[in-house]
Asks: 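A single structure is presented below for examination.
So that the names make sense, note that chain A is the first sequence line, chain B the second, and so on, each numbered from 1. Computed over heavy atoms, backbone and side chain alike; hydrogens, waters and symmetry mates excluded.
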Amino acid sequence: MTMDALAALCDRIASAAARTRKLNLLADYLRTLDDGDLARAVRFLSGSPLPDGRKLSVGAATLRAAAASATGWDLELIRFCSRVAGDSAEIIALLMAGRSAGLPLSLSGAEQHLLALAAERSKARKQKLIEQWLLAYAPLTLKYLLKTLTGMLRIGLQAKLVEEAIARASAQPLELVRAASNRSGDLAEVALAARHQTLDRIQARLFHPLDFMLAKPLESMPDGVLDSGPWWVEDKYDGIRCQLHAAHGKVRLFTRGQEDVTASYPDLTVPLSAIHPPLILDGELLVWRDGAPQSFNALQQRLARKRLTPALLAECPVAFIAYDLLYAGQTLLLNEPLERRRALLESLPLQPPIHIAPQRRLASPQELDALFEAARARRNEGLLLKRAGSLYEAGRRGGAWIKVKRALATLDVVITAAEQGRGRRATMLSDYTFAVRDGSRFLNIGKAYSGLTDEEIRQLTRLLKSLATERFGRVVLVRPEVVLEVAFDGIQKSPRHKSGFAMRFPRILRWRKDKPPEEIDTLDRVREIYVASL
DNA sequence: TATGTCTGCCCC
DNA sequence: ATTCTGC
DNA sequence: GCAGAATGGGCAGACATA
């Protein structure tokens, strides 16, 4: 089977609106593949094309550079076209029509190309490899070969639907496929096992990450959900979600994206090599100093470090706050109720740098406000509510865990610039840069797109075009007249914007047609919020 | 060698 | 991360 | 209610340029 056929399938899936139609198309296709291609196709479609999750380190920018080099076209022009089309891979594929040789490409050939790209360390040589593909393969094939690089197929189908298609193609119950997928962590393995009716033989393995159970955000505080039964409460820590595997002196730390980051945190993992009985902990990685959790910003300085200096380890030492136990005593505990997992967790002889997250029973929903404030006073993000008796639903964002966060504040700001969107928003100005007032000047403080409906974005696009003063490629500067109310979860000093501040998780609450720009919030107000948040 | 900009992403 | 949208 | 898509910020590291 060929990459060309897979590409054609992707196009058909993209143009099918109904998810059941997408599923049927994929299931029918999967049935036609031999075992080797089944594994490859599943990896390609689920967004992790390489067998062991190796990194490609190639993004849209590199693709455009390769395309410019292969065609002789101006890079700026390609950038512009990509922007209009909303997708670099698509436009590059079109560009190669009539220029590439149109050679056939098998799935295993495509996989070999990706492996070669991952193995190549030099950025320039990565680009050279891509140039060679561009000249060799047909546009449609290129389109999806390139899309797999950036990990965004944008055909309305990702890993979860691939799971469903596997279930359908093999006539196995979806729940069995999902459970096996969690135990395995490798959808290709699952597809093969489903085909051969051996899903039950897939075992969870220590030192292979399980999926994480996620929490659903609580929309409004006084919500009826909490009346449904007893709940447990913990602080929500502002670190990185991690799974810690330990057994027989070996320790591994995995992130939510299943990345093995053990090597980056010797100050956590080396002391744990004394642990012998096998266990898997779920919890949060934090910088921990003077007996207290430090900011997420401190932790960020430990991320993706190639070299760990003693100074860094001394300045930003990490700890692990454990709040769940997924494996112990040779047993997977996912289907044990929360209270049992918790009791086992508390019975373990864990020592710093591992801590156990304090947990208490929520007496009544009225208690939430006070608990929330207390958590914030401890410099934590908010609360995590866990339904009594709930099981560990790996890979799901079900209602059994609820996270309670609140915006730090809101600001009334004015739009100073707008940017063309991507994908289905490619024809609209969907991305707004906004400013606060400082005397008679407007100083940018952030960008946001979310919070407006598609209809509002359409209206705003029209209005902003009429307010345009200058255009720099994809960015339109506008007269500062449109006022928005934006919410955000944090604020910090940043060179990113003229105001000297930037927001964490900015989102638009509403379009304030009632407010003139002279009355928006000021830089002084921003400083007040900043100081108060320290 | 020092500094500035771009890129992709163990992250949130 | 957040938010909206189609199914 | 789920899954997908489109978008925020900061960071280290890589590369470009002085």
Asks: Check the distance between dG10(D)'s C1' and Asp238(A)'s CG and give it to me in whole angstrom.
Replies: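 Rounded to whole Å, this separation is 13 Å.
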
Asks: Please list, pair by pair, any protein nitrogen or oxygen found under 3.5 Å from a nitrogen or oxygen in nucleotides 12-14 of chain D.
Replies:
| residue | atom | partner | partner atom | Å |
| --- | --- | --- | --- | --- |
| dA12(D) | OP1 | Arg305(A) | NH2 | 3.2 |
| dA12(D) | O3' | Ala304(A) | O | 3.3 |
| dG13(D) | OP1 | Lys306(A) | N | 2.3 |
| dA14(D) | OP1 | Lys306(A) | NZ | 3.2 |

Asks: If each of Arg79(A) and Lys55(A) is mapped to the nucleotide of DNA chain B with the nearest heavy atom, which maps nearer the 5' terminus, i.e. the 5' end?
Replies: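 With Arg79(A) and Lys55(A) compared, the 5'-side residue is Arg79(A).
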
Asks: Provide, to the nearest angstrom, the distance between the CG atom belonging to Asn297(A) and the P atom belonging to dC12(B).
Replies: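 Interatomic distance, CG of Asn297(A) to P of dC12(B): 15 Å.
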
Asks: Would you please confirm or rule out a distance under 4.0 Å between OP1 or OP2 of dC11(B) and any side-chain N or O of Thr255(A)?
Replies: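 So the side-chain polar atoms of Thr255(A) do come within 4.0 Å of the phosphate oxygens OP1 or OP2 of dC11(B), strictly under.
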
Asks: What's the separation between atom CZ in Phe505(A) and atom NZ in Lys405(A), rounded to the nearest 0.5 Å?
Replies: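 Rounded to the nearest 0.5 Å, the CZ-NZ separation comes to 4.5 Å.
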
Asks: Quick check on dC2(D): is either OP1 or OP2 less than 4.0 Å from any side-chain nitrogen or oxygen of Arg19(A)?
Replies: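 Arg19(A) to dC2(D) OP1/OP2: no side-chain N or O under 4.0 Å.
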
Asks: Inspect the surroundings of CH2 in Trp73(A) and state if more than 12 heavy atoms from other residues, nucleotides or ligands are less than 6.0 Å away.
Replies: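 Atom CH2 in Trp73(A) is not packed in, count stays at 12 or less.
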
Asks: Does CZ in Arg471(A) sit with more than 12 non-hydrogen atoms of other residues, nucleotides or ligands closer than 6.0 Å?
Replies: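 It does: Arg471(A) CZ has more than 12 such atoms within range.
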
Asks: Report the nucleotide, chosen from dC9(B), dA3(D), dC12(B), that has the shortest atom-to-atom distance to any side-chain atom of Ser57(A).
Replies: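 Per side-chain heavy atoms of Ser57(A), the pick is dC9(B).
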
Asks: So, applying side chain to side chain contact (heavy atoms under 4.5 Å, CB included) with Leu334(A), which one of Asn182(A), Leu391(A), Asp211(A) is it?
Replies: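 The residue from Asn182(A), Leu391(A), Asp211(A) that satisfies side chain to side chain contact (heavy atoms under 4.5 Å, CB included) with Leu334(A) turns out to be Asn182(A).
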
Asks: Would you classify Met152(A) as touching base, sugar-phosphate or nothing, given that sugar-phosphate means primed atoms plus P, OP1 and OP2, and contacts are heavy atoms under 4.0 Å?
Replies: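 Contact class for Met152(A): none.
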
Asks: When the ring planes of His245(A) and Phe207(A) are compared, do they come out parallel, tilted or perpendicular, using 30° and 60° as the limits?
Replies: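 Tilted, since the angle between the ring planes falls between 30° and 60°.
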
Asks: Less than 4.0 angstrom between a side-chain N/O of Arg178(A) and OP1 or OP2 of dA3(D), yes or no?
Replies: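 So the side-chain polar atoms of Arg178(A) do come within 4.0 Å of the phosphate oxygens OP1 or OP2 of dA3(D), strictly under.
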
Asks: Validate the cation-pi geometry between Arg504(A) and Phe296(A): distance from NZ or CZ to the six-membered ring centre under 6.0 Å, angle to the ring axis within 45°.
Replies: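 Cation-pi check for Arg504(A) and Phe296(A): passes.
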
Asks: Tell me whether Lys403(A) forms a cation-pi arrangement with Trp401(A), defined as NZ or CZ under 6.0 Å from the six-membered ring centre and within 45 degrees of its axis.
Replies: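 No - Lys403(A) does not lie over the ring of Trp401(A) by the 6.0 Å and 45° rule.
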
Asks: Phe212(A) ring centre to Arg241(A) NZ or CZ under 6.0 Å, with the angle to the axis within 45°?
Replies: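 No, cation not above the ring by the 6.0 Å, 45° rule.
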
Asks: Output the single nucleotide from dC7(C), dC11(D), dG8(D) whose closest atom is nearest the side chain of Ala17(A).
Replies: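 Per side-chain heavy atoms of Ala17(A), the pick is dC7(C).
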
Asks: Any side-chain N or O of Lys216(A) less than 4.0 Å from the OP1 or OP2 oxygen of dC2(D)?
Replies: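 For dC2(D), OP1 or OP2 has a side-chain N or O of Lys216(A) closer than 4.0 Å.
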
Asks: Starting at the 5' end of DNA chain D, write a dot or bracket for each base, bracketing those in Watson-Crick or G-U wobble pairs whose two distances are under 3.5 Å and using | for partners on another strand.
Replies: ||||||||||||||||||

Asks: Taking only side-chain nitrogens and oxygens of Thr62(A), does any of them come within less than 4.0 Å of OP1 or OP2 of dT7(B)?
Replies: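 Checking dT7(B) against Thr62(A), no side-chain N or O comes under 4.0 Å of OP1 or OP2.
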
Asks: Looking at Arg496(A), I'd like to know whether one of its side-chain N or O atoms comes within less than 4.0 Å of OP1 or OP2 on dG9(D).
Replies: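 Looking at the OP1 and OP2 atoms of dG9(D), one of them is under 4.0 Å from a side-chain N or O of Arg496(A).
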
Asks: What are the two closest heavy atoms between Gln258(A) and Pro209(A), and how far apart are they?
Replies: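 That would be OE1-CB, 3.8 Å.
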
Asks: Can you tell me how far P of dC12(B) sits from CG of Asn380(A), to the nearest Å?
Replies: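 In whole Å, dC12(B) P lies 16 Å from Asn380(A) CG.
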
Asks: With a cut-off of less than 4.0 Å, is there a side-chain N or O of Ser494(A) near OP1 or OP2 of dG10(D)?
Replies: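 Yes, such a contact exists.
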
Asks: Between the protein and nucleotides 3-5 of chain C, are there any N/O to N/O pairs under 3.5 Å, and if so, what are the atom names and distances?
Replies:
| residue | atom | partner | partner atom | Å |
| --- | --- | --- | --- | --- |
| dT3(C) | OP1 | Arg507(A) | NE | 3.0 |
| dT3(C) | O2 | Tyr449(A) | OH | 3.3 |
| dC4(C) | OP1 | Gly451(A) | O | 3.1 |
| dT5(C) | OP1 | Asp454(A) | N | 2.8 |

Asks: Within the supplied structure, the quantity of interest is the number of heavy atoms (other residues, nucleotides, ligands) at a distance under 6.0 Å from Arg205(A) CZ; does it exceed 12?
Replies: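 It does: Arg205(A) CZ has more than 12 such atoms within range.
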
Asks: Using OP1 and OP2 only, check whether a side-chain N or O of Lys405(A) sits under 4.0 Å from dT2(C).
Replies: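 Yes, within the criterion.
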
Asks: Take atom CZ of Arg422(A) as the centre, draw a 6.0 Å sphere, and report whether it contains more than 12 heavy atoms from other residues, nucleotides or ligands.
Replies: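 No.
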
Asks: Counting only side-chain nitrogens and oxygens, does Arg397(A) get under 4.0 Å of the OP1 or OP2 atom of dC2(D)?
Replies: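 Answer no for this pair, as no side-chain N or O of Arg397(A) is under 4.0 Å from OP1 or OP2.
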
Asks: Does dG9(D) have its OP1 or OP2 closer than 4.0 Å to a side-chain nitrogen or oxygen of Gln492(A)?
Replies: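 No.
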
Asks: Does a donor on one side chain and an acceptor on the other come within less than 3.5 Å for Asn444(A) and Thr433(A)?
Replies: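 Checked: Asn444(A)/Thr433(A) side chains show no N/O donor-acceptor pair below 3.5 Å.
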
